[in-house]
Q: 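Structure incoming, see below.
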Amino acid sequence: MQAAFGLSYEVTVALLTFVCLCAASLGTLQMYHRLPAHHRDDETLQTVRLVANIFGMLSSLVLGFMVSSANSGFADADKAVHAYATEIILLDHALRGLGPDAASIRAELVGYVTTIVGSREIERAARPAENRTAEATLRDIRARLLALPPGDPAWIIERDQATAHVDTLLRTRWGLIDRKEATIPLPLVVSLVLWLSMTMASLGYRAPKNGVVRTSFVAASLLLSGAILLILDMANPFDGPIQASSQPFVRALAELKL
């Protein structure tokens, strides 16, 4: 997903989070001494600290939920990739059982998997909606299987099994495409950023106004923004630096070439 200025959705959210957290903490730090005297007494400070604990607790709960959700989605996508590669190997074994008549179909399957392995990202070859040749290749393999001249009953059973594997590959591919959508709702992300901003603003209230404190606030904002970036990236397992491994396809290709 692309956002403003060509940046990805995850990077855009992380940058906005960093700006919000820095503005909340440094802004409160800067404005504190301009507040009326009755807004700067000890009772107000105690209340602000109590409210900050509530925001911190809510933020921790949401962060834990986001990590769990992202990790679960990533694990499911990785399992789906392994299942996809396994189905390719089973299809190849079924094609071998059909004899020389299916040799050209096997060659087409090998070329398809070679394209996947040669791609920089799984989404560009194995399952992208924009790469229509992937689905076209699988449908062509299915059509060529059905067009083969029929043999004995055992041969027909083998062909039907191969056709079933192709159908499974088509279903699995669309299942992978559906996993491209982010699993973490945007309102939840917005709520988290708001609560973190309120927490940082509470910490900036009545904090010492010096370079060490400012640096600490910026560093904390950067770390929190980086954590959100990693969580959102993991929730989208076919984009960004954290992606489902393509090694199952590498092993499948090695098996096809045996």
Side-chain angles (χ1 to χ4, degrees), residues 1 69-183 234-240 242-258:
M1 181 186 300
S69 177
N71 182 66
S72 177
F74 186 87
D76 289 344
D78 190 63
K79 290 178 181 178
V81 170
H82 279 79
Y84 194 86
T86 301
E87 204 66 34
I88 289 175
I89 294 175
L90 294 176
L91 171 60
D92 178 67
H93 289 174
L95 291 175
R96 293 184 187 188
L98 297 178
D101 290 340
S104 60
I105 302 178
R106 283 196 67 232
E108 186 175 8
L109 180 64
V110 171
Y112 170 65
V113 181
T114 301
T115 301
I116 295 176
V117 173
S119 176
R120 292 178 58 189
E121 298 178 1
I122 296 175
E123 66 167 346
R124 292 181 181 174
R127 56 154 214 92
E130 64 273 13
N131 184 6
R132 297 300 179 183
T133 59
E135 182 175 0
T137 299
L138 293 175
R139 293 194 177 278
D140 182 64
I141 289 175
R142 190 181 190 281
R144 293 178 64 184
L145 276 171
L146 296 176
L148 290 175
D152 56 39
W155 185 95
I156 294 176
I157 292 175
E158 198 73 33
R159 185 194 63 182
D160 291 344
Q161 289 180 348
T163 304
H165 288 312
V166 177
D167 292 338
T168 301
L169 284 173
L170 288 168
R171 287 194 299 270
T172 305
R173 178 179 178 273
W174 280 109
L176 287 171
I177 291 174
D178 290 340
R179 294 180 188 275
K180 185 175 178 62
E181 299 299 327
T183 58
M234 183 180 291
N236 203 349
F238 300 106
D239 285 320
I242 304 178
Q243 296 188 24
S245 175
S246 61
Q247 285 303 307
F249 294 109
V250 175
R251 291 190 289 269
L253 181 60
E255 178 69 21
L256 266 59
K257 291 183 176 181
L258 290 178

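Note that the structure is a prediction, hence the values are computed from the model and not measured.
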Q: Would you give the length of the straight line joining atom CG of L138 to atom CG of L170, rounded to the nearest 0.5 angstrom?
A: 5.0 Å
Q: Specify the closest pair of heavy atoms between A244 and V81, including all atoms of both residues, with the distance to one decimal.
A: CB-CG2, 4.2 Å
Q: List for me each residue that meets salt bridge (charged side-chain N to carboxylate O under 4.0 Å, His left out) alongside R171, sequence neighbours excluded, and say none if there are none.
A: none
Q: Just verifying a value: how many Å separate L145 CG and L91 CG, rounded to the nearest 0.5 Å?
A: 7.0 Å
Q: For H165 and A94, which heavy atoms make the closest approach, and how far apart are they?
A: CD2-CB, 4.2 Å
Q: Just how far is it from atom CZ of F249 to atom OG1 of T115, taken to the nearest 0.5 Å?
A: 12.0 Å
Q: Report yes if the side chains of D92 and I88 come closer than 4.5 Å at any heavy-atom pair, otherwise no.
A: no
Q: So does R251 pair up with E255, basic N to acidic O under 4.0 Å?
A: no
Q: Out of curiosity, L98 CG to I105 CD1, how far, rounded to the nearest 0.5 Å?
A: 7.5 Å
Q: Closest heavy-atom contact between D101 and P149?
A: OD2-CG, 4.4 Å
Q: Can you pull the side-chain hydrogen bond (donor to acceptor under 3.5 Å, both in side chains) pairs that have at least one residue in residues 142-156, sequence neighbours excluded?
A: S104-R144, E108-R144, R142-D167
Q: Working to the nearest 0.5 angstrom, can you tell me the gap between R173 CZ and E87 CD?
A: 15.5 Å
Q: Any idea which heavy atoms bring A85 and A252 closest together, and the distance?
A: O-CB, 4.0 Å
Q: Just verifying a value: how many Å separate T163 OG1 and L148 CG, rounded to the nearest 0.5 Å?
A: 8.5 Å
